[in-house]
Amino acid sequence: MAEDEEREIIVAFLKTLYKYKFLIYQLVERDIKKKYRRSVLGILWSLLNPFLMMVITAMVFSTLFRFNVENYILYLLVGQVFFTFFAEATNFAMGSILENASLIKKIYVPKYLFPISRVVSSCVNFLFTLPAILIIMCYTGQYPSWRIISFIIPLALMLFFCIGVGLFLSSFVVKFRDLYHLYGVVITALSYATPIFYPMQIIPKEYSFLLYYNPLYYFLTLFREVLYQGLLPEWHTLMICLAFTVGALVVGGFTFRRLQNEFILYV
């Protein structure tokens, strides 16, 4: 009986997404236009920004710390682009309900469309940065093979993982505004607990749990397997990421569904 109820909820959710697909498209388009409004470089900035960040970080860490990582530039760029996607998607999703409070008060719209649209717009921004990765691949002589197509798999898992996290954060921040500041600390901690600019081999064994209990470590591993190593996603890592994704969607979806009726009291 419980399985039938869950199935009905999922089917109703998918039908609602399809029904409001035009609204989602409009929200995503609005977010992208808003981000690049009055920007001289526009979308080109999505290509230049990871380049500039990569150059600065690579100069610091390759000179001062001298990490023994083959093709460190590509290793670093993939890590930075990946983490930027996660941080931007979850931060934007967290504030989506409060930012659209006036619309929520005026008309009926399924509230979960707002955090979902913000994550999707961040995913689009992430896709804008892919040419930077391809350019660095060619520049460093690590030309992409047909396996690069499989990056869609970790990207899809990461997209839905961010949606789950975004639903969870957006449902709590409406009532507890301090979550904005707390999550900023969490993002900073995750940036150091995830091997973005350093190899995991330098982590002492007594602190290895910081990686193994960090879901971003597994997602980043998948991205690097495809974009850095030129391999297909490894099955074991793929299953771990799938488990984290399903868990995030279940927890985030349940939390959002339970608290959404109280949003009107606090927005």
Side-chain angles (χ1 to χ4, degrees), residues 24 27-36 39 42-54 56-57 73-96 114-137 144 148-170 183-184 186-197 214-229 233 237-238 240-242 244-245 248-249 252:
I24 295 176
L27 290 172
V28 171
E29 184 180 38
R30 182 197 65 177
D31 291 338
I32 294 174
K33 288 181 177 179
K34 182 180 179 181
K35 180 175 182 178
Y36 298 108
S39 173
I43 294 177
L44 184 61
W45 181 245
S46 293
L47 183 65
L48 292 176
N49 185 54
F51 266 134
L52 296 175
M53 291 300 297
M54 176 205 66
I56 295 172
T57 311
I73 293 178
L74 181 60
Y75 178 90
L76 174 63
L77 181 60
V78 173
Q80 285 184 323
V81 167
F82 158 82
F83 192 81
T84 298
F85 170 37
F86 171 78
E88 179 184 288
T90 52
N91 265 306
F92 285 175
M94 179 170 58
S96 59
F114 297 109
I116 289 177
S117 68
R118 296 310 298 269
V119 174
V120 173
S121 66
S122 294
C123 185
V124 173
N125 289 327
F126 170 78
L127 292 175
F128 288 154
T129 66
L130 285 181
I133 295 178
L134 294 175
I135 291 171
I136 291 299
M137 281 182 174
I148 198 173
I149 301 174
S150 63
F151 92 94
I152 296 174
I153 299 173
L155 177 61
L157 289 174
M158 191 64 195
L159 172 67
F160 286 105
F161 177 76
C162 289
I163 287 175
V165 174
L167 289 171
F168 180 83
L169 293 173
S170 62
Y183 191 62
V186 172
I187 285 292
T188 301
L190 284 174
S191 69
Y192 289 107
T194 307
I196 299 170
F197 51 84
N214 177 8
L216 296 186
Y217 163 69
Y218 299 98
F219 285 102
L220 179 54
T221 299
L222 274 187
F223 273 94
R224 281 195 171 130
E225 284 174 351
V226 177
L227 298 175
Y228 172 66
Q229 297 174 281
T237 309
L238 198 61
I240 294 176
C241 290
L242 179 61
F244 276 119
T245 299
L249 285 173

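FYI, the numbering just counts along the sequence from 1. Computation of the quantities below employed the complete heavy-atom set of this structure, encompassing side-chain atoms and omitting hydrogens, waters and symmetry-equivalent molecules.
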Least distance between heavy atoms, [X] atom then [Y] atom:
X: Leu238; Y: Pro233; answer: CD1-CB, 4.2 Å
X: Ala193; Y: Asn214; answer: O-ND2, 3.2 Å
X: Cys123; Y: Leu159; answer: CB-CD1, 3.9 Å
X: Leu216; Y: Thr194; answer: CB-OG1, 3.8 Å
X: Glu88; Y: Ser122; answer: OE2-OG, 3.2 Å
X: Gly79; Y: Arg224; answer: CA-NH2, 3.6 Å

For Phe244 and Leu157, what are the C-alpha separation, side-chain angles and deciding distance, and is it a side chain to side chain contact (heavy atoms under 4.5 Å, CB included)? CA-CA 9 Å; Phe244 276 119; Leu157 289 174; over 6 Å; no
So do the side chains of [X] and [Y] get within less than 4.5 Å of each other, counting heavy atoms only?
X: Leu227; Y: Met137; answer: yes
X: Leu222; Y: Tyr218; answer: no
X: Tyr217; Y: Pro195; answer: yes
X: Phe85; Y: Leu155; answer: yes

What do the steps show when you test Phe83 against Phe219 for side chain to side chain contact (heavy atoms under 4.5 Å, CB included), and what is the final call? CA-CA 10 Å; Phe83 192 81; Phe219 285 102; over 6 Å; no
Looking at Ile196, Leu130, Thr129, which one forms a side chain to side chain contact (heavy atoms under 4.5 Å, CB included) with Val81?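 Testing Val81 for a side chain to side chain contact (heavy atoms under 4.5 Å, CB included) against Ile196, Leu130, Thr129 leaves exactly one candidate, Thr129.
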Run the numbers on Leu134 and Ile148 for side chain to side chain contact (heavy atoms under 4.5 Å, CB included), then give the verdict. CA-CA 10 Å; Leu134 294 175; Ile148 198 173; 3.5 Å; yes
Output yes when a side-chain donor or acceptor of Ser170 lies under 3.5 Å from a complementary backbone atom of Leu167, and no otherwise.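 At least one qualifying donor-acceptor pair exists.
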Should the heavy atoms of other residues, nucleotides or ligands under 6.0 Å from CZ of Phe160 be counted, would the total exceed 12?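 No, because the 6.0 Å sphere around CZ of Phe160 holds 12 heavy atoms or fewer from other groups.
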Verify side chain to side chain contact (heavy atoms under 4.5 Å, CB included) between Phe126 and Thr84, making sure each step is shown before the conclusion. CA-CA 8 Å; Phe126 170 78; Thr84 298; over 6 Å; no
To the closest 0.5 Å, what do you measure between OG1 (Thr245) and CG (Leu249)?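 Answer rounded to 0.5 Å: 7.0 Å.
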